[in-house]
Student: 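Structure in structure tokens, see below.
Lettering of chains follows the sequences in order, A, B, ..., and the numbering in each one begins at 1. For the numbers below, each heavy atom of this structure counts, side chains included, while hydrogens, waters and symmetry mates do not.
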Amino acid sequence: MLAYAVQRIIVSILIIILAVTALFVMIQFVPGDPANVMLGPRATPELKEALRERLHLNDAFIVQVYYFFSGLMQGDLGVDLTSNRPVLGILIEQAPFTASLVASTLLVTLLGIPIGTYAAVHRDGFFDKASGVVSVSLIAVPPIVIGLYLILFFSVSLQLLPAIGAGEGFWEILLHLVLPTLAIGLTWIGYVSRLVRASMIEVLGQNHVKTARAFGIPNQRILRAYVLRVALPATITVLGVSIGFILSSAVIVEIVFSRPGIGKLMYDAVISRNYPVVMGTVLASTVFIVTATTISDLLNVMLDPRTKDEN
Amino acid sequence: MAKRTNKHTGLTRVRNVIRKLCSTPLGLFSVIIVTAFFVVGITGDWIAPYDPIKLDIRAKLQGPSSAHWLGTDQVGRDVFSRLLVGTKVASYLAVTAVSISLAIGIFLGMIAAFTSRWIDWSMLLIFDTVRSFPTLMFALAVIALFGPSINTIIGIIVISTFPSYARLVRTQVLSLRSMEYIEAQRAMGTRLPRILMRHIFPNVIGPVMIVASMDIPLVIGVEAGLSFLGLGVRPPTPSWGTILNDGFSFIRNTPWIVISAGLPLILTTVAFTTLGERLRDILDPKLRR
């Protein structure tokens with residue numbers, strides 16, 4: 001177990017280093033002078049030279065990578081080109097908004113467990129069939145469409161829930177989280193319910209469950225004994241994989257709902273070609289995703305050692 | 001799994017699969033919508049009742065009527081015509097991006113399975129690195145560098161989807177590699193490329209196609225999302241995402257633009273996912289749950 005964990009963590013660090021280097025290589029391939037691109041065509045030569053000097057653009061590629069990583073080790077992610085503030089500070093300021101959105105999405109996703117279990121127990125019944133169709137639809141439809149329809153229904157027509165901003169004060173913040181969370185989370189409720197249903201059906205057909213039934217142990221008790229053991233690994237796997245998609249959707253959802261956060265920050269940085277901020281957000285989200293998938297992998301191996309061989 | 005190279009049985013098999021697909025209401029629904037998606041994608045320009053980019057300010061933001069089935073947008077363009085023509089972008093992207101990604105994924109996956117452990121391992125590391133980027137954030141970074149265009153979107157989709165095909169193919173090939181009929185071919189001295197093309201490829205393509213069908217909603221979603229953000233297809237070219245964005249600005253007073261632009265997105269994404277699920281049930285009953 002320990003050896004596996006160490007190996008898994010080394011691979012994760014390698015992935016993060018590779019990802020950042022890849023981004024650097026991409027910047028090298030940008031057509032034209034990056035200083036030109038960042039400052040626009042009307043910048044004076046002196047301004048461009050100063051920027052080039054500041055971002056080490058005049059140095060060789062390897063030297064630039066060295067500067068970036070050595071800065072990174074000291075917690076220095078560079079400086080925002082427009083506001084001159086350190087990127088790390090901005091990231092820390094925006095992270096809680098995105099983190100709360102991701103956390104509430106993950107929580108909502110757990111709703112898939114009871115839905116999937118009920119569908120599996122009443123297999124081929126009305127609920128099973130209906131939830132199957134609804135789940136597949138929710139899995140398929142892009143979060144942007146779900147988000148817009150939610151706004152139309154709950155904010156524009158019913159005027160029940162706020163659709164703009166992140167709110168202030170505990171109750172307001174919660175209310176402002178509802179629609180964005182559903183916009184991202186409905187998809188994953190669908191996924192988890194399908195997966196839990198599938199694993200439950202598999203387990204319910206196994207010999208030890210049949211034996212337990214034959215001994216006259218009540219259905220309720222059998223379910224209680226197996227539900228979590230079956231549902232947890234499936235759910236953790238899905239959630240581990242989903243973190244990346246949830247963050248992706250967060251970009252769109254934050255913009256649709258005018259919420260502050262990492263996604264909105266990145267979008268604004270892309271529009272204004274603020275490279276240091278783009279780099280910082282990409283790095284932060286990659287680290288976050290790689291950490292999340294690693295943790296979910298390790299948790300899974302702890303819960304079910306057989307999965308070790310599959311990874 | 002025995003090899004099937006006989007053309008006649010191949011055709012009968014395809015016909016059987018289509019018959020089974022259409023035998024359930026959901027399967028039939030998905031076949032109809034997917035067919036319509038590609039047909040409208042090709043013919044959209046001709047069947048659209050109005051010019052999708054012609055402005056008519058006097059007719060702006062009208063509700064649905066017999067003249068404009070789905071109303072008009074903020075500069076008086078017919079929303080229905082724009083949706084029909086917008087299908088072109090979605091179907092073009094779905095076909096090109098997924099085919100390129102499939103080709104690269106299958107090629108690299110087969111190589112990874114048949115080379116030395118070290119190359120296999122480093123390829124896996126690269127696949128996992130690429131997969132660890134969230135698609136949309138990766139897309140934003142690439143667009144920040146190279147500017148928005150349809151080719152950029154294709155590139156983004158290819159790069160973010162090929163690793164999962166490659167990984168899938170690799171796993172499939174690894175299990176096929178030790179099969180007796182492949183070992184027999186190798187013992188007889190058949191060259192590797194021939195084994196790969198004649199014996200491995202036909203057995204790998206099925207599962208990969210199923211995943212590809214389920215990935216098309218992702219492609220359509222990425223395009224819609226990026227175009228919605230103004231980072232995909234450039235105006236005035238209609239695409240489902242740009243129409244959603246037009247409607248979003250007027251969502252309080254004229255909600256029908258968002259509603260009608262969302263419908264084709266919902267229909268096609270659900271249809272492709274259902275198609276993939278049905279295909280999996282039919283082609284690979286072992287996976288059925």
Student: Take the angle between the ring planes of B/Phe38 and B/Phe272 and call it parallel below 30°, perpendicular above 60°, tilted in between.
Tutor: perpendicular
Student: Report which part of B/Leu231 has an atom under 4.5 Å of a heavy atom belonging to chain A: side chain, backbone, both, or neither.
Tutor: side chain
Student: Is any side-chain heavy atom of A/Ser131 closer than 4.5 Å to a side-chain heavy atom of A/Val134?
Tutor: no
Student: Below 4.5 Å from any heavy atom of chain A, which atoms of B/Leu26 appear? Answer side chain, backbone, both or neither.
Tutor: side chain
Student: What part of A/Leu148 is in contact with chain B, defined as an atom under 4.5 angstrom from a non-hydrogen atom: side chain, backbone, both or neither?
Tutor: both
Student: Look at the aromatic rings of B/Trp118 and B/Trp121 and report parallel, tilted or perpendicular, splitting at 30° and 60°.
Tutor: perpendicular
Student: Contact part of A/Val278 toward chain B, heavy-atom cut-off under 4.5 Å: side chain, backbone, both or neither?
Tutor: side chain
Student: With a 4.5 angstrom heavy-atom cut-off, which part of A/Ile243 approaches chain B: side chain, backbone, both or neither?
Tutor: neither
Student: Is B/Ile143 close to B/Ile156 at the side-chain level, that is, under 4.5 Å between some pair of heavy atoms?
Tutor: yes
Student: Which value, rounded to the nearest 0.5 Å, describes the distance between A/Leu138 atom CG and A/Ile146 atom CD1?
Tutor: 5.5 Å
Student: Answer yes or no: is there an ion pair linking A/Arg194 with B/Glu277, defined by an N-O contact shorter than 4.0 Å?
Tutor: yes
Student: At a heavy-atom separation under 4.5 Å, does A/Val145 approach chain B through its side chain, its backbone, both, or neither?
Tutor: side chain
Student: Does some side-chain heavy atom of B/Arg82 sit less than 4.5 Å from a side-chain heavy atom of B/Asp246?
Tutor: yes
Student: Below 4.5 Å from any heavy atom of chain B, which atoms of A/Ile289 appear? Answer side chain, backbone, both or neither.
Tutor: side chain
Student: Which bit of A/Thr293 is near chain B, if near means a heavy-atom gap under 4.5 Å: side chain, backbone, both or neither?
Tutor: neither
Student: Just give me the residue among B/Leu244, B/Ile126, B/Leu140 that pairs up with chain A most often, heavy atom to heavy atom, under 4.5 Å.
Tutor: B/Leu140
Student: Between A/Val133 and chain B, which part of the residue has a heavy atom less than 4.5 Å away: side chain, backbone, both or neither?
Tutor: side chain
